[in-house]
There are 2 protein chains.
Amino acid sequence: MSDPNEERPYHHGNLRAVLLDAADRCLRERGADQLSLRDLAREVGVSHAAPRRHFSDRQALLDALAESGFAQLDTALRTALAGAGEDFPARVRGATTAYTRFATENAALLELMYSSKHRPGATRVIEAAEAPFGLMADLIEQGQDEGALRAGDPERIGLVLFATLQGIASIINGNFVGPDMLDALVETAVEQFLSGNRPVE
Amino acid sequence: MSDPNEERPYHHGNLRAVLLDAADRCLRERGADQLSLRDLAREVGVSHAAPRRHFSDRQALLDALAESGFAQLDTALRTALAGAGEDFPARVRGATTAYTRFATENAALLELMYSSKHRPGATRVIEAAEAPFGLMADLIEQGQDEGALRAGDPERIGLVLFATLQGIASIINGNFVGPDMLDALVETAVEQFLSGNRPVE
DNA sequence: ACTACTTTGTAGCCCATGGCAACATTCTCT
DNA sequence: AGAGAATGTTGCCATGGGCTACAAAGTAGT
């Protein structure tokens, strides 16, 4: 444990990272609305204006969280796929459950990620999203190459699958149906996806 | 136009409705974050504490907006279905485009509606959502009765379709793809839905 | 009508937050 | 060593949410 009497150097060293970390925790525990820069500063033990050196305003911090969220999502999907074997349906199931799992375990973060109120200069969030989006498109393309899926623009099909998962997560996170329905909904979506894209024989 | 010198009675009469109306406009123009009770009060010409008589706090107002949003969505879907004729695929297309149209034209409102941070006592929002959800389930059931769709829990299938539409809207509203992709994504989703639920012959 | 009660709006306060500016300390590079 | 850039601090202001006490207007019982 850390010594509270420990002399903190004037320059924190990695304040930005520490702030993001604290913000992530606060996001989980109390939601984005309750996230205050001054709170974070206090929590980290730094003056109330210090965060401004790293995030020009509150929204900039939220955008950074969103950006990091897409990176986390990307690695979550990649690890799921890495452990999913070769069978195409199994890979799809791996990716989809990984997505919805991530999305329901990080509800507030997901809301931030898909928030429409990004700052004008929030291209970074959009760019960060391209990684997982592309990953999904690659998966689709692989399925098409294997003959498991019919032809069609992989990016578009991937987006629709992504959208379905995101929508399911929204419905769960919004408490419109209980979390116990999650698996059934995902399975239904996957079956429809596989069946709806089956090659015409 | 209204006379600014007009004597306003001490009791406004329908302040709640007027506030909601102003809130709806503000939501459109500046987003939920920028929505302040005091602002609304100013805009409507009442004292800053007046709104509290109708909304116990800010979140209560947001919840009321969300609730009204689901009602609006419901009527949008119903009118679309009413004008969609008898053909089942046409009805599905009518409902889906109506949904995504509503959702992209009211981006901030949709975010509120699906926000996971409803107050504990926000059962009203959930209840309001049941109308459009049920409508979709009815549509599915109709398709099954007509033999256009295979068997399966209509509610679950409807939820997945709903989720897909909501996800597509999120992706558009979040600026991850341009609005010009909307129609193509919806059409892809509809085709997959119809094809993925086609009865086994 | 008169009175009592309720509803709805007002005025004024406190406090937290975001955002700014001026100043301080440390780092880095030459 | 010294200049300039980074980074952190202190102090200020305006705004907004939420509270309490008060005022005006409706409503009901008599």
Side-chain angles (χ1 to χ4, degrees), chain A residues 2 4 6-23 25-27 29-66 108 112 115 117-122, chain B residues 2 4 6-23 25-27 29-66 108 112 115 117-122:
Chain A
S2 61
E6 183 179 348
E7 280 289 329
R8 228 172 274 284
Y10 191 93
H11 279 167
H12 186 290
N14 59 339
L15 182 55
R16 183 188 157 95
V18 174
L19 282 174
L20 277 176
D21 195 63
R25 249 178 303 117
C26 179
L27 189 60
E29 294 167 10
R30 306 189 302 171
D33 286 346
Q34 299 305 315
L35 196 156
S36 112
L37 292 178
R38 282 167 122 98
D39 238 1
L40 295 181
R42 272 189 293 272
E43 198 168 320
V44 170
V46 98
S47 85
H48 67 85
R52 261 184 81 68
R53 294 292 175 198
H54 302 276
F55 305 100
S56 59
D57 65 7
R58 195 183 111 99
Q59 187 58 42
L61 173 78
L62 297 182
D63 285 348
L65 280 176
L112 268 189
S115 157
K117 57 187 183 249
H118 296 308
R119 318 245 303 308
Chain B
S2 62
E6 184 179 346
E7 281 290 327
R8 227 173 274 284
Y10 192 93
H11 280 170
H12 185 288
N14 60 338
L15 182 54
R16 184 190 157 96
V18 175
L19 282 173
L20 277 177
D21 195 63
R25 251 179 301 116
C26 179
L27 189 60
E29 294 167 9
R30 305 190 303 172
D33 286 347
Q34 299 306 314
L35 198 156
S36 112
L37 292 178
R38 284 166 120 99
D39 238 1
L40 295 181
R42 272 190 292 272
E43 199 168 321
V44 171
V46 295
S47 84
H48 67 86
R52 261 182 80 70
R53 293 291 175 197
H54 302 274
F55 304 100
S56 59
D57 64 9
R58 194 184 112 101
Q59 187 58 41
L61 174 76
L62 297 182
D63 286 349
L65 280 176
L112 269 188
S115 156
K117 56 188 184 247
H118 296 309
R119 317 246 302 307

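Each chain gets a letter, A, B and so on, in the order its sequence line appears, and its residues count up from 1.
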Q: Report the distance from atom CG of B:Asp33 to atom P of D:dG16, rounded to the nearest whole Å.
A: 13 Å
**Q.** d(NE2, B:His54; C1', C:dT10) in whole Å
**A.** 13 Å
Q) A:Arg38: what forms a salt bridge (charged side-chain N to carboxylate O under 4.0 Å, His left out) with it, not counting sequence neighbours? A) none
**Q.** By side-chain contact (heavy atoms from CB on, under 4.5 Å) - contacts of A:Ala23 (at least two apart)
**A.** A:Leu35, A:Leu40, A:Leu61, A:Leu65
(Q) Output the rounded distance in Å from CD (B:Gln34) to C1' (D:dG17). (A) 15 Å
Q: Answer yes or no: is there an ion pair linking A:Arg30 with A:Asp39, defined by an N-O contact shorter than 4.0 Å?
A: yes
Q) Got a sec, which residues hit salt bridge (charged side-chain N to carboxylate O under 4.0 Å, His left out) with A:Asp21, two or more places apart in sequence or on another chain? A) A:Arg25
Q | End axis versus end axis in the helix from C:dA1-D:dT30 to C:dT30-D:dA1, the angle rounded to 10°, five pairs used at each terminus | A | 20°
Q. Does any pair with a residue in residues 44-56 of chain B pass salt bridge (charged side-chain N to carboxylate O under 4.0 Å, His left out), and if so which ones, sequence neighbours excluded?
A. none
Q) Which letters describe nucleotides 13-21 of chain C, given B = protein heavy atom under 4.0 Å from base, S = only from sugar-phosphate, - = neither? A) B---SBBB-
Q) Any side-chain heavy-atom pair from B:Phe55 and B:Leu20 closer than 4.5 angstrom? A) yes
Q. Starting at CG of B:Leu15 and ending at P of D:dA25, how long is that distance when rounded to a whole Å?
A. 16 Å
Q: Please name all residues satisfying side chain to side chain donor-acceptor pair (under 3.5 Å) with A:Gln34, sequence neighbours left out, ordered by chain then number.
A: none
Q | Partner residues of A:Arg16 under the side chain to side chain donor-acceptor pair (under 3.5 Å) criterion, sequence neighbours left out | A | none
Q. Rounding to a whole Å, what distance do you find between B:Leu40:CG and D:dT15:C1'?
A. 14 Å
Q: Round to a whole Å and report the spacing from CZ of A:Arg53 to P of D:dA6.
A: 11 Å
Q | Whole-Å gap separating C1' (D:dG16) and CZ (B:Arg30) | A | 13 Å
